[in-house]
Visitor: 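This structure is in structure tokens; I'll ask about it shortly.
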Amino acid sequence: MKTIEEINRKIANNEAIILTAAELKSMVRDGQKVTVDDVDVVTTGTFGVMSGTMAVMMVPVAGKCSFERADAIWLNGVPAQPGPCPNERLGVVDLVINGTARANDRYGGGHLFQDFVKGKEIEVLVEAHGRRYENQVMLDEIDFARIITTRLAFKNYHALINPTSSTISTIFSVTGLTGPFTETTVSGCGEINPLQNDPSHRIIGVGTRVLLNGASGYIMGKGTRASPDKPNVSAYADMKDMDPTMMGGMKTAHGPECLTSLAVPIPVLDEDILSGLKILDQNVPLPVSDINGRTAHSKVNYGHIWGDTDKVIRVEKERCLHHPDCAAMRTCPTEAISNNFVINRDLCINCGTCTLQCSEGVFRARLGSIKLAEGTVPISLRQSDRARAERLCTMLKNRILKQKFTPTQMMEPL
């Protein structure tokens, strides 16, 4: 048995063996025998729509004594909640802003958080005692700005289906979820998800050091709606250290949603922990639920989602007919397709929407399907980006190798 202290000494001496979850799973699939002596840390990660994300910050608005306290505040048109501290007559506003708050159908809190981290200037509007105050701020002008999650990284989420003949407007679809049993939308990064790789909760707990949107942060404890079968966590990190490519927003049929990422190093202390790390997609359950009330329908597994499918969207520009109203470009939930029909890979989350919207097959990917008693149901939307999550695992691995990140011992279990 190893200890985290021993592993950290090996990291400091450049002797540690660090693998990403994808690298370890590849070794397992190839039939290689992997022991505790063969690996010290495995980096795990997930990226996708995570509604339970908010920012807490203190924003400068005007000079001292300009207003007593804010009644309402908007950032780039996205509404926030002033408080909890009134900061009476100081010209600044403490605020909480939800990742799912929206300025309009295309721009919400997740987009705002990413714009802050990109270094963009943000328009601030405050209403106080019947008067309006305006300012423009950038993240480096804000002393305190943190992302806090109420829940993220569900161990396994849902595949959602619509058993009715009506199209349902939902955050789990870009254009509306059709039925009966004509499509399914899925979430979760399967075998590389942090909680999936720590089934006994021996590593991930209060105080565990993580990357939240690429920034060093910490697990605070269980997230809301956590259960023994579907645990999730809450976490926090400083916005100023975040990576804009590891966060963002996307539009859905029911308004904008927030994209959030989490990476967790799993120190390999003994065979029990290594055994949990060896799980593969085909052994990770994927519940199938009715979008009406989220009632359980059946179960499949993440092998249907990520096995023998394409994690990255391919582009075949020679097929393009340059239609003036490109359905793929108009529908793309992250606006990643430009006028010359090139995908901006920093924005694309490989959801697959464009592959179904383009009749000429310019955008191509095998998205997979699930098999139910009602028949084979094709996947129409992936709200998690496995390719980006794997890049996040590599990012964390490199930071550990460069001694810019060390795993921590949790203070208490979830």
Side-chain angles (χ1 to χ4, degrees), residues 47-55 72-81 95-118 120-125 127 134 147 149-150 152 158 160 162 164 166-179 183-187 213 244-245 247-261 291-292 294 313 323-339 341 343-344 346-358 363 380-385:
F47 175 97
V49 172
M50 300 187 200
S51 301
T53 304
M54 62 182 176
I73 185 168
W74 295 262
L75 287 79
N76 278 359
V78 180
Q81 293 77 46
L95 62 86
V96 176
I97 188 162
N98 295 330
T100 53
R102 61 188 69 175
N104 52 53
D105 290 341
R106 304 172 70 88
Y107 189 91
H111 300 90
L112 174 67
F113 302 160
Q114 186 182 51
D115 283 345
F116 260 124
V117 174
K118 283 181 175 180
K120 292 186 177 182
E121 195 170 69
I122 306 300
E123 299 289 332
V124 180
L125 172 63
E127 286 187 353
E134 298 182 17
I147 292 290
T149 67
T150 59
L152 81 164
H158 300 273
L160 290 159
N162 177 8
T164 74
S166 301
T167 298
I168 297 176
S169 177
T170 168
I171 62 171
F172 298 102
S173 175
V174 176
T175 56
L177 193 62
T178 63
E183 60 177 324
T184 181
T185 73
V186 297
S187 299
N213 293 343
T245 68
M247 59 195 298
M250 70 172 285
K251 63 184 180 183
T252 72
H254 209 55
E257 273 290 324
C258 188
L259 297 166
T260 306
S261 66
I291 190 66
N292 300 287
R294 314 273 188 93
I313 306 300
H323 194 281
D325 182 27
C326 173
M329 183 168 63
R330 172 169 33 86
T331 312
C332 176
T334 59
E335 300 183 352
I337 303 174
S338 62
N339 287 326
F341 308 104
I343 291 180
N344 181 336
D346 284 342
L347 294 177
C348 175
I349 60 169
N350 297 296
C351 68
T353 300
C354 57
T355 67
L356 303 177
Q357 294 295 319
C358 179
F363 306 97
S380 59
L381 175 66
R382 303 183 298 204
Q383 289 193 302
S384 296
D385 186 348

Visitor: For Pro256, check side chain to side chain contact (heavy atoms under 4.5 Å, CB included) against everything at least two apart and list the hits.
Guide: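 Partners of Pro256 under the side chain to side chain contact (heavy atoms under 4.5 Å, CB included) test: Arg102, His111.
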Visitor: Report yes if some heavy atom in the side chain of Ser384 is under 4.5 Å from a heavy atom in the side chain of Ser187; otherwise report no.
Guide: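 Yes, close enough: below the 4.5 Å cut-off.
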Visitor: Residues two or more places apart in sequence or in another chain: which of them pass side chain to side chain contact (heavy atoms under 4.5 Å, CB included) with Ala103?
Guide: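 For Ala103 the side chain to side chain contact (heavy atoms under 4.5 Å, CB included) partners, ignoring immediate neighbours, are Val78, Tyr107.
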Visitor: Among all residues two or more places apart in sequence or in another chain, which pass the side chain to side chain contact (heavy atoms under 4.5 Å, CB included) test with Glu335?
Guide: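 With neighbours one apart ignored, the set is Arg106.
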Visitor: By salt bridge (charged side-chain N to carboxylate O under 4.0 Å, His left out), which residues pair with Lys120, not counting sequence neighbours?
Guide: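 Salt bridge (charged side-chain N to carboxylate O under 4.0 Å, His left out) check on Lys120 returns Asp115.
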Visitor: I need the minimum non-hydrogen distance between Ala72 and Trp74, along with the two atoms involved.
Guide: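 Closest approach of Ala72 to Trp74: CB-CH2, 3.6 Å.
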Visitor: Would you say the side-chain atoms of Thr355 pair up with the backbone N or O of Gly352, donor to acceptor, closer than 3.5 Å?
Guide: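 The answer is yes, because a donor-acceptor pair under 3.5 Å joins these two groups.
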Visitor: Can you see which heavy atom on Ala328 is nearest to which on Phe363, and at what distance?
Guide: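 It is CB-CE1, 3.6 Å.
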Visitor: Can you tell me how far apart OG1 (Thr150) and CE (Met54) are? Round to the nearest 0.5 Å.
Guide: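 The OG1 atom of Thr150 sits 6.5 Å away from the CE atom of Met54.
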Visitor: Which heavy atom of His254 sits nearest to which heavy atom of Ser169, and what is that distance?
Guide: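 Looks like ND1-OG, 3.3 Å.
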Visitor: Would you give the length of the straight line joining atom OG of Ser173 to atom CD1 of Ile291, rounded to the nearest 0.5 angstrom?
Guide: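 CD1 of Ile291 is found 9.0 Å from OG of Ser173.
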Visitor: Once rounded to the nearest 0.5 Å, what's the spacing between atom CG of Leu259 and atom CE of Met247?
Guide: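 Here the interatomic distance stands at 9.5 Å.
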Visitor: Is it true that Asp105 and Lys251 make a salt bridge, defined as a side-chain N closer than 4.0 Å to a carboxylate O?
Guide: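 Salt bridge absent between Asp105 and Lys251.
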Visitor: So, Thr252 versus Glu257: side-chain donor-acceptor pair below 3.5 Å or not?
Guide: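 There is no such pair (donor and acceptor under 3.5 Å, judged by atom type) between the side chains of Thr252 and Glu257.
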Visitor: SG of Cys258 to CD1 of Ile171: how many Å apart, nearest 0.5 Å?
Guide: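 Going from SG on Cys258 over to CD1 on Ile171, the span is 11.5 Å.
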Visitor: Starting at OG of Ser338, measure out to CE of Met329 and round the result to the nearest 0.5 Å.
Guide: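 It comes to 8.0 Å.
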Visitor: Is there a donor-acceptor contact under 3.5 Å from the side chain of Asn213 to the main chain of Ser261?
Guide: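 Yes, because the side chain of Asn213 sits within donor-acceptor range (under 3.5 Å) of the backbone of Ser261.
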Visitor: Determine yes or no for a side-chain-to-main-chain donor-acceptor pair under 3.5 angstrom, with Gln383 supplying the side chain and Cys351 the backbone.
Guide: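 A pair under 3.5 Å: no.
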Visitor: Using the side chain to side chain donor-acceptor pair (under 3.5 Å) criterion, which residues pair with Asp346? Sequence neighbours excluded.
Guide: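 If we apply the side chain to side chain donor-acceptor pair (under 3.5 Å) test to Asp346, skipping adjacent residues, there are no hits.
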Visitor: Assess, by modelled atom type and distance only, whether the side chains of Asn162 and Thr164 contain a donor and an acceptor separated by less than 3.5 Å.
Guide: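 Yes, a side-chain donor-acceptor pair sits under 3.5 Å.
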Visitor: Specify the closest pair of heavy atoms between Gln81 and Asn98, including all atoms of both residues, with the distance to one decimal.
Guide: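 What the structure gives for the nearest pair is OE1-ND2, 4.2 Å.
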Visitor: Side chain to side chain contact (heavy atoms under 4.5 Å, CB included) with Thr185: which residues, sequence neighbours excluded?
Guide: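 Counting only residues at least two positions away or on another chain, Thr185 forms a side chain to side chain contact (heavy atoms under 4.5 Å, CB included) with Leu160, Phe172, Leu177, Ser380, Leu381.
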Visitor: Taking all atoms of both residues into account, what is the closest heavy-atom pair of Asn350 and Arg382, and its distance?
Guide: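 Reported closest heavy-atom pair: O-NH2, 2.9 Å.
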Visitor: List for me each residue that meets side chain to side chain donor-acceptor pair (under 3.5 Å) alongside Thr353, sequence neighbours excluded, and say none if there are none.
Guide: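 Expected list: none.
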Visitor: Could I get the full list of side chain to side chain donor-acceptor pair (under 3.5 Å) partners for Thr53, not counting sequence neighbours?
Guide: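 Result, side chain to side chain donor-acceptor pair (under 3.5 Å) vs Thr53: Thr260.
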Visitor: Can you list the residues that meet the side chain to side chain donor-acceptor pair (under 3.5 Å) rule with Glu134, with sequence neighbours excluded?
Guide: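 Side chain to side chain donor-acceptor pair (under 3.5 Å) list for Glu134, sorted by chain: empty.
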Visitor: Ignoring hydrogens, what is the shortest heavy-atom contact between Ile97 and Pro79? Give both atom names and the distance.
Guide: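 Ile97 and Pro79 have their closest heavy atoms at CG1-O, 3.8 Å.
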Visitor: Nearest 0.5 Å, please: how far is CD1 in Ile337 from CZ in Arg330?
Guide: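 Between atom CZ of Arg330 and atom CD1 of Ile337 there are 11.0 Å.
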Visitor: Between Asn76 and Glu123 (side chain of the first, backbone of the second, donor and acceptor by atom type, cut-off under 3.5 Å), is there such a pair?
Guide: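 Side chain of Asn76 to backbone of Glu123: a pair is present.
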Visitor: Report yes if some heavy atom in the side chain of Ile73 is under 4.5 Å from a heavy atom in the side chain of Leu125; otherwise report no.
Guide: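 Ile73 does not reach Leu125 side chain to side chain.
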